[in-house]
Amino acid sequence: MRPANPDLAPRPGLSRDEMEALQRRVAEAAVFEDELPFDPASVALDDPGATTLTGTDASSDTGPPLIAGIDQAFLDDRAVSAVVVLRGGEVVERAYAVSDLDLPYIPGLLSFREGGPILDALAKLEHDPDLLVFDGSGRIHFRQAGLATHVGVVCDVPSIGVAKSLLCGTPDEDVDGHPKGWNTPIRADDAVDAVGGHPATPETVIGYAFQSRQYDSQPIVNPLYVSPGHRLSPETTVDLVSRLGGDYKLPEPTRLADAYADEVKAQYE
DNA sequence: GCGACAG
DNA sequence: ATCTTGTCGC
């Protein structure tokens with residue numbers, strides 16, 4: 001797929017101030033409201049029977065939306081970016097890219113380390129996804145432009161950020177010990193800046209904590225922190241993540257991409 | 001100076 | 001993210 005906004009793509013060689021300035025531009029271009037080409041209710045990876053009618057006709061425009069899970073694995077100074085595209089629970093296509101990394105991991109600047117490599121992998125896709133699911137935050141970010149938002153805006157495709165830990169923001173309730181399906185809003189705090197038309201008051205909901213799994217006894221199972229990347233409201237984002245279900249903590253698209261990244265990595269070492 | 005941070 | 005044995009539980 002082709003970047004709709006190449007000018008906003010994370011470029012190497014920028015100073016910290018320039019990277020932050022670019023993130024603000026990305027945030028301004030981001031849409032945190034529902035602007036989807038499909039009905040969220042048509043997504044049901046948990047129920048294959050209701051969505052498997054297009055297994056042999058993946059290129060058609062009909063049927064369930066194309067959902068892409070994205071994740072990475074690392075080799076020394078290179079990243080293995082993997083993308084797995086699903087349609088109603090069926091894997092339609094897989095693609096990967098091995099790219100050189102030019103930055104270390106810096107909280108708040110993740111998209112400048114992983115964004116480029118991910119775009120390399122997305123460029124190899126034959127199918128254009130209707131939704132991108134990232135391993136990392138979207139709007140739950142200091143400048144409301146996390147990895148999911150940055151890449152989603154560059155591609156101008158609806159995107160979701162799924163993080164295993166909270167970067168910033170404050171949960172309405174204590175997130176521990178809740179049953180599967182539970183969720184609570186994450187609101188902007190002092191660390192979040194108002195950007196473009198997006199406020200960052202103590203009332204502003206920038207994402208949700210979502211318990212995707214829970215064991216029978218007491219074990220510690222942290223919730224997922226989901227946030228809209230682009231063209232999605234916080235509410236629809238949690239709804240979609242719950243529909244991407246599966247029997248594990250992470251959404252199925254992400255799990256498959258994670259496994260694929262490890263598989264490819266093994267061939268390069 | 002103190003705190004705090006996706007992958 | 002990555003480096004790793006054993007271990008608890010369905």
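Order of the sequence lines fixes the chain letters, A, B, ..., with proteins taken first and strands second; residue numbering starts at 1 for each chain.
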**Q.** Contacts of Arg255(A) that satisfy salt bridge (charged side-chain N to carboxylate O under 4.0 Å, His left out) - sequence neighbours left out
**A.** Glu252(A)

(Q) Please determine whether a side-chain nitrogen or oxygen atom of Lys164(A) lies at a distance below 4.0 Å from atom OP1 or OP2 of dA6(B). (A) no

Q) Looking at Ser165(A), does any N or O in its side chain come under 4.0 Å of the phosphate oxygens OP1/OP2 on dG7(B)? A) yes

**Q.** Minimum-distance nucleotide to Lys265(A) side chain [options: dA1(C), dT2(C), dC5(B)]
**A.** dT2(C)

What contact category does [X] fall into here, base, sugar-phosphate, or nothing, at under 4.0 angstrom with non-hydrogen atoms?
X: Leu166(A); result: sugar-phosphate
X: Tyr225(A); result: nothing
X: Leu109(A); result: base

Q: Using the six-membered ring wherever Trp is involved, compare the ring planes of Phe32(A) and His198(A) and label them parallel, tilted or perpendicular (cut-offs 30° and 60°).
A: tilted

Between atom [atom1] in [X] and atom [atom2] in [N], what is the gap in whole Å?
X: Asp77(A); N: dA1(C); atom1: CG; atom2: P; answer: 18 Å
X: Arg213(A); N: dG9(C); atom1: CZ; atom2: C1'; answer: 11 Å
X: Asp258(A); N: dA1(C); atom1: CG; atom2: C1'; answer: 11 Å
X: Leu250(A); N: dA6(B); atom1: CG; atom2: C1'; answer: 13 Å
X: Glu20(A); N: dC5(B); atom1: CD; atom2: C1'; answer: 13 Å
X: Ile106(A); N: dA4(B); atom1: CD1; atom2: C1'; answer: 15 Å
X: Asn222(A); N: dC5(B); atom1: CG; atom2: P; answer: 13 Å
X: Gln23(A); N: dC5(B); atom1: CD; atom2: C1'; answer: 13 Å

Q: Check the hydrophobic clustering (I, L, V, M, F, W, Y; side-chain heavy atoms under 4.5 Å; chains of links allowed) and say if Val154(A) and Leu109(A) are grouped together.
A: yes

**Q.** Transitive ILVMFWY side-chain link Leu250(A) to Leu166(A), under 4.5 Å
**A.** no

Q | Distance-only donor-acceptor check, side chains Thr254(A) and Asp71(A), under 3.5 Å | A | no

Q: Test the Arg243(A)-Phe38(A) pair against the cation-pi criterion, namely NZ or CZ under 6.0 angstrom from the six-membered ring centroid and within 45° of the ring axis.
A: no

Q: Can you measure from CZ (Phe112(A)) to CG (Leu147(A)) and round to the nearest 0.5 angstrom?
A: 11.0 Å

Q: Strictly below 4.0 Å, heavy-atom distances to any atom of DNA chain C: list the hits from residues 67-74 of chain A, or just say none.
A: Ala73(A), Phe74(A)

